[in-house]
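Written below as structure tokens is the structure these notes are about.
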Amino acid sequence: RRAQRTVRLRTRAGLVVVAGDLPWAAPGIDLGSAHPTSRAVEDIATGRAAIAAIARNAGAVVTCVNAGMEQSSPAALPVFADLANPAISVGHALEAGVAVATAVAESCDVVAVGALGLGVESAATVLVQHRWPALASLVAPTDASWLARCQSAGSSLDATAQLQAWPIAVLAGILLASAAYQVPVLLDGAATLAAAGLACELAPDAVQALIATQRGGGPALLAAWAQL
């Protein structure tokens with residue numbers, strides 16, 4: 001009787017963390033090495049952060065991307081030399097994300113993405129409301145004033161540009177390119193949901209490559225996850 005053999009295929013995983021601080025969310029003082037975004041990136045890069053330990057145990061390759069950190073870090077791959085440069089645009093940010101995904105796709109079969117930085121979560125929540133106007137009744141009062149920043153925007157692309165939410169645009173570029181390379185992407189959190197909304201507005205079929213890993217974030221985000 002012929003023995004049966006099970007062949008196990010190894011999945012090469014990657015984790016991409018996009019870090020950036022929105023200009024209008026800056027604290028107004030130079031925090032230096034104590035800047036929370038810079039410290040978070042350092043903790044991820046050095047393995048001190050919990051997410052880094054999880055990635056290490058899974059054998060995942062971790063990539064930190066500097067998409068406009070107020071205090072830059074050598075631990076993050078720079079995609080913008082200077083976010084305050086007026087030449088920076090949402091198109092530039094999308095292209096930067098595509099470049100990151102192209103590099104990651106060469107060594108990974110599945111990618112998890114996330115974002116951090118001052119103002120990123122607030123901007124993401126606003127972009128979710130803008131992308132799905134039917135969720136307006138679920139907007140928290142603290143988010144209503146932020147929504148006014150992009151009320152005149154006709155598309156998610158325009159809204160992202162008005163908010164100068166470049167980290168989210170970089171994430172969207174990563175999602176678009178990963179979908180094109182047929183690399184599944186794991187989404188987690190408001191920033192990745194906002195990026196997914198932007199990516200799917202530009203290329204609706206990209207949703208086929210996206211996997212939501214959690215459904216937290218309040219009523220508005222829960223409803224947005226369901227629509228996506």
Side-chain angles (χ1 to χ4, degrees), residues 4-20 40-67 73-80 92-117 120 124 156 166-217 221 224-228:
Q4 293 184 345
R5 183 175 62 180
T6 300
V7 177
R8 297 185 181 276
L9 300 180
R10 180 173 177 79
T11 299
R12 299 167 300 172
L15 169 65
V16 179
V17 179
V18 179
V41 167
E42 292 293 336
D43 287 344
I44 293 172
T46 57
R48 293 192 297 267
I51 187 64
I54 294 172
R56 183 173 59 250
N57 290 336
V61 178
V62 179
T63 303
C64 293
V65 178
N66 180 353
S73 166
L77 173 69
V79 294
F80 299 127
H92 185 185
L94 286 168
E95 291 174 358
V98 169
V100 171
T102 299
V104 172
E106 293 180 356
S107 59
C108 296
D109 303 314
V110 60
V111 178
V113 296
L116 58 88
V120 171
S156 295
W166 310 138
I168 293 174
V170 171
L171 273 178
I174 292 173
L175 302 188
L176 288 169
S178 296
Y181 290 124
Q182 297 184 332
V183 174
V185 184
L186 307 180
L187 308 178
D188 186 6
T192 61
L193 176 57
L198 173 56
C200 293
E201 184 178 88
L202 297 173
D205 287 345
V207 71
Q208 298 178 24
L210 309 181
I211 303 170
T213 59
Q214 61 93 4
R215 293 177 176 273
L221 292 185
W225 277 119
Q227 293 200 35
L228 182 62

Please report the shortest heavy-atom distance between [X] and [Y], naming the atom on each side.
X    : Y    : result
A124 : A194 : O-CB, 3.7 Å
A199 : A172 : CB-O, 4.0 Å
D109 : P184 : O-CD, 3.1 Å
A52  : G47  : CB-CA, 3.6 Å
E106 : R12  : O-NH1, 4.1 Å
G114 : L171 : O-CD2, 3.8 Å

*Nearest 0.5 Å, what's the OG1-CD1 distance between T63 and I44?*
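Reported to 0.5 Å precision, the distance equals 11.5 Å.
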*L198 CG to L175 CG distance, which is reported to the nearest 0.5 Å*: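 It comes to 8.5 Å.
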*asked:* Does V110 form a side chain to side chain contact (heavy atoms under 4.5 Å, CB included) with I211? I'd like the steps, not just the answer.
replied: CA-CA 10 Å; V110 60; I211 303 170; 5.8 Å; no
_Matching residue for V65 among V17, V41, V16 - test: side-chain contact (heavy atoms from CB on, under 4.5 Å)_ = V16
*Kindly indicate, with the supporting measurements, whether the criterion side chain to side chain contact (heavy atoms under 4.5 Å, CB included) is fulfilled by I51 and V62.*
CA-CA 10 Å; I51 187 64; V62 179; over 6 Å; no
_Give me each pair satisfying side-chain hydrogen bond (donor to acceptor under 3.5 Å, both in side chains) with a member in residues 173-197, each pair once, sequence neighbours excluded._
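Residue pairs with at least one partner in residues 173-197: T102-Y181, D188-Q214.
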_Residue pairs passing the side-chain hydrogen bond (donor to acceptor under 3.5 Å, both in side chains) test where at least one lies in residues 200-209, sequence neighbours excluded_ =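 Passing the test, one end in residues 200-209: S156-E201.
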*Step by step, work out the side chain to side chain contact (heavy atoms under 4.5 Å, CB included) result for L94 and V98.*
CA-CA 6 Å; L94 286 168; V98 169; 5.6 Å; no
